[in-house]
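What follows is a single structure, and I will ask about it in a moment.
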Amino acid sequence: GIQVEQSPPDLILQEGANSTLRCNFSDSVNNLQWFHQNPWGQLINLFYIPSGTKQNGRLSATTVATERYSLLYISSSQTTDSGVYFCAVEANDYKLSFGAGTTVTVRA
Amino acid sequence: DGGITQSPKYLFRKEGQNVTLSCEQNLNHDAMYWYRQDPGQGLRLIYYSQIVNDFQKGDIAEGYSVSREKKESFPLTVTSAQKNPTAFYLCASSLGFALSGANVLTFGAGSRLTVL
């Protein structure tokens with residue numbers, strides 16, 4: 001199956017800092033999504049982004065499908081951004097494969 | 001408000017016992033999913049259902065069973081055959097099975113199962 005690698009595994013930020021999270025995948029994908037899991041376990045969808053660039057407030061994402069990677073940018077980080085960020089991809093079987101996640105800790 | 005309700009939030013079980021985790025959605029979604037999350041790992045697909053009365057095995061179905069008798073409900077039974085059941089279990093749903101920008105996964109709050 002498709003392999004999904006996320007880096008870095010852990011990230012500690014001072015409030016107000018910017019950061020970039022990376023997701024590499026091993027094959028062509030039809031679908032790529034970024035999720036945020038808060039410290040209580042709730043996952044929410046941030047972006048559906050199989051290609052191109054999208055922005056939502058302080059978050060933005062870029063996927064370069066031909067080079068098999070996606071980036072998630074967090075600008076002016078806040079303590080509420082803490083949690084685990086997952087990248088998930090789908091090749092051609094309608095099932096999402098998740099990476100291991102990047103754990104982000106934002107300190108006040 | 002529409003959403004997915006999972007219960008119980010925390011569950012303790014003795015070895016050899018079957019347990020059933022509940023997942024109910026009021027989003028009128030056709031597709032439902034069960035994922036397992038272990039510490040430091042991504043989510044792994046246990047079972048999924050594209051429509052009522054139909055379900056398919058995911059990547060780690062051994063030791064689990066499901067049913068989909070109603071559109072709103074997709075309960076997961078963790079059987080005694082599951083060798084390492086302690087984990088965080090997440091239920092999700094989507095409008096249809098083919099995910100898109102207009103059809104993303106919505107997750108419940110999860111159920112944490114601990115085997116004593």
Side-chain angles (χ1 to χ4, degrees), chain A residues 1-11 21 23-26 29-56 61 63 70 83-105, chain B residues 3-11 21 23 27 29-51 54-61 87-113:
Chain A
I2 193 165
Q3 303 300 311
V4 185
E5 292 184 2
Q6 292 187 243
S7 59
D10 299 281
L11 193 57
L21 283 58
C23 172
N24 292 333
F25 42 95
S26 60
V29 297
N30 295 328
N31 179 349
L32 186 146
Q33 299 184 29
W34 283 97
F35 294 87
H36 175 239
Q37 185 173 39
N38 69 20
W40 297 271
Q42 179 72 57
L43 269 124
I44 61 166
N45 178 276
L46 298 175
F47 294 104
Y48 168 84
I49 186 164
S51 63
T53 297
K54 289 186 177 178
Q55 180 155 7
N56 184 2
T63 298
S70 183
V84 185
Y85 290 81
F86 289 104
C87 169
V89 303
E90 175 237 319
N92 54 10
D93 60 0
Y94 302 108
K95 294 183 286 183
L96 285 179
S97 295
F98 283 77
T102 292
T103 300
V104 173
T105 303
Chain B
I4 299 177
T5 301
Q6 289 188 241
S7 62
K9 193 168 180 62
Y10 299 95
L11 186 60
L21 308 180
C23 177
L27 299 166
H29 284 175
D30 282 321
M32 297 187 74
Y33 313 78
W34 274 105
Y35 289 91
R36 171 181 171 138
Q37 185 178 18
D38 293 284
Q41 297 188 33
L43 280 65
R44 292 183 290 168
L45 184 64
I46 304 172
Y47 268 97
Y48 62 97
S49 168
Q50 298 184 51
I51 201 164
D54 178 71
F55 51 83
Q56 306 293 332
K57 293 182 179 180
D59 300 320
I60 56 165
F88 188 53
Y89 291 89
L90 286 151
C91 179
S93 70
S94 61
L95 193 60
F97 193 52
L99 298 174
S100 68
N103 180 30
V104 296
L105 283 183
T106 300
F107 281 89
S111 292
R112 193 169 297 279
L113 172 63

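Quick caveat: nothing in here was measured; it's all calculated off a predicted structure. Convention: sequence-line order gives letters A, B, ...; per-chain numbering from 1.
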Quiz item: For B/L45, is it the side chain, the backbone, both or neither that has a heavy atom under 4.5 Å from a heavy atom of chain A?
Solution: side chain
Quiz item: So, for B/P8 and B/S111, which heavy atoms are closest and what is the spacing to 0.1 Å?
Solution: O-OG, 2.6 Å
Exercise. For each of A/V84, A/L96, A/N38, A/V4, tally heavy-atom pairs with chain B at distances under 4.5 Å, and name the one with the top tally.
Key: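 Result: the option with the highest number of such pairs is A/L96.
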Quiz item: Taking only heavy atoms into account, what residues of residues 45-53 of chain A are found under 4.5 Å from chain B?
Solution: A/N45, A/Y48
Practice problem: Dump the intermediate steps for side-chain contact (heavy atoms from CB on, under 4.5 Å) on A/W34 and A/C23, then the final yes or no. | Solution: CA-CA 9 Å; A/W34 283 97; A/C23 172; 3.7 Å; yes
Exercise. Verify, without hydrogens or angle tests, whether A/Q6 (side chain) and A/Y85 (backbone) share a donor-acceptor contact under 3.5 angstrom.
Key: yes
Quiz item: What residue among B/Y89, B/F55, B/Y48 forms side-chain contact (heavy atoms from CB on, under 4.5 Å) with B/W34?
Solution: B/Y89
Exercise. Might you work through the side-chain contact (heavy atoms from CB on, under 4.5 Å) test for B/L43 and B/L90, ending with a clear yes or no?
Key: CA-CA 8 Å; B/L43 280 65; B/L90 286 151; 3.8 Å; yes
Quiz item: Does a donor on one side chain and an acceptor on the other come within less than 3.5 Å for B/Q37 and A/Q37?
Solution: yes
Quiz prompt | Under 3.5 Å side-chain donor-acceptor pair for B/S94 and B/Y33 | solution =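 Checked: B/S94/B/Y33 side chains pair up, N/O donor to acceptor below 3.5 Å.
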